[in-house]
Amino acid sequence: MMTGLNPQRVLQGLAILETQGRGDRRTVGPIADYGAPNVSDKVIRIILSYTDYVRRTVWKEY
């Protein structure tokens, strides 16, 4: 769960996670894409492919 860095939002996220079922009572299933054997490689490729774009459009470095 992504909450950002706002302390109140982090606490809200933790409260939600605390009430969710675990194990056999799990209400949210695992994301199929994360079960692939090479997820880390895919994430690295995505991050690297956006580095120049972010530098140019967000940080105005170029």
Side-chain angles (χ1 to χ4, degrees):
M1 174 180 280
M2 294 179 64
T3 62
L5 298 176
N6 179 302
Q8 187 63 29
R9 293 286 293 139
V10 171
L11 291 174
Q12 289 172 343
L14 289 172
I16 290 170
L17 292 174
E18 186 177 44
T19 62
Q20 286 184 344
R22 295 175 181 86
D24 294 338
R25 297 182 357 193
R26 187 179 189 143
T27 57
V28 178
I31 306 300
D33 290 342
Y34 296 163
N38 61 345
V39 171
S40 296
D41 294 331
K42 291 178 181 180
V43 170
I44 289 170
R45 291 178 79 175
I46 291 168
I47 291 170
L48 288 176
S49 68
Y50 276 95
T51 301
D52 290 338
Y53 172 80
V54 170
R55 283 184 176 162
R56 185 173 56 252
T57 60
V58 177
W59 297 331
K60 310 286 189 218
E61 288 186 355
Y62 295 129

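Numbering starts at 1 and runs along the sequence shown. Treat the numbers as computed from the prediction; the structure is a model and nothing was measured. The figures that follow rest on heavy atoms only: side chains count, while hydrogens, waters and symmetry mates do not.
- In this structure, Leu48 is not a member of the same hydrophobic cluster as Tyr50, with clusters built from ILVMFWY side-chain heavy atoms closer than 4.5 Å.
- Considering CZ of Arg26 and CD of Gln20, their distance stands at 8.5 Å, rounded to 0.5 Å.
- The number of heavy atoms from other shown groups lying within 6.0 Å of CD (Glu18) does not exceed 12.
- Rounding to the nearest 0.5 angstrom, the gap separating the OG1 atom in Thr51 from the CD1 atom in Ile46 is 11.5 Å.
- Every residue meeting the side chain to side chain contact (heavy atoms under 4.5 Å, CB included) condition with Met1, not counting sequence neighbours, appears here in chain and number order: Thr3, Ile16, Leu17.
- Scored by the side-chain hydrogen bond (donor to acceptor under 3.5 Å, both in side chains) test, Arg9 finds Gln12 as partners (sequence neighbours excluded).
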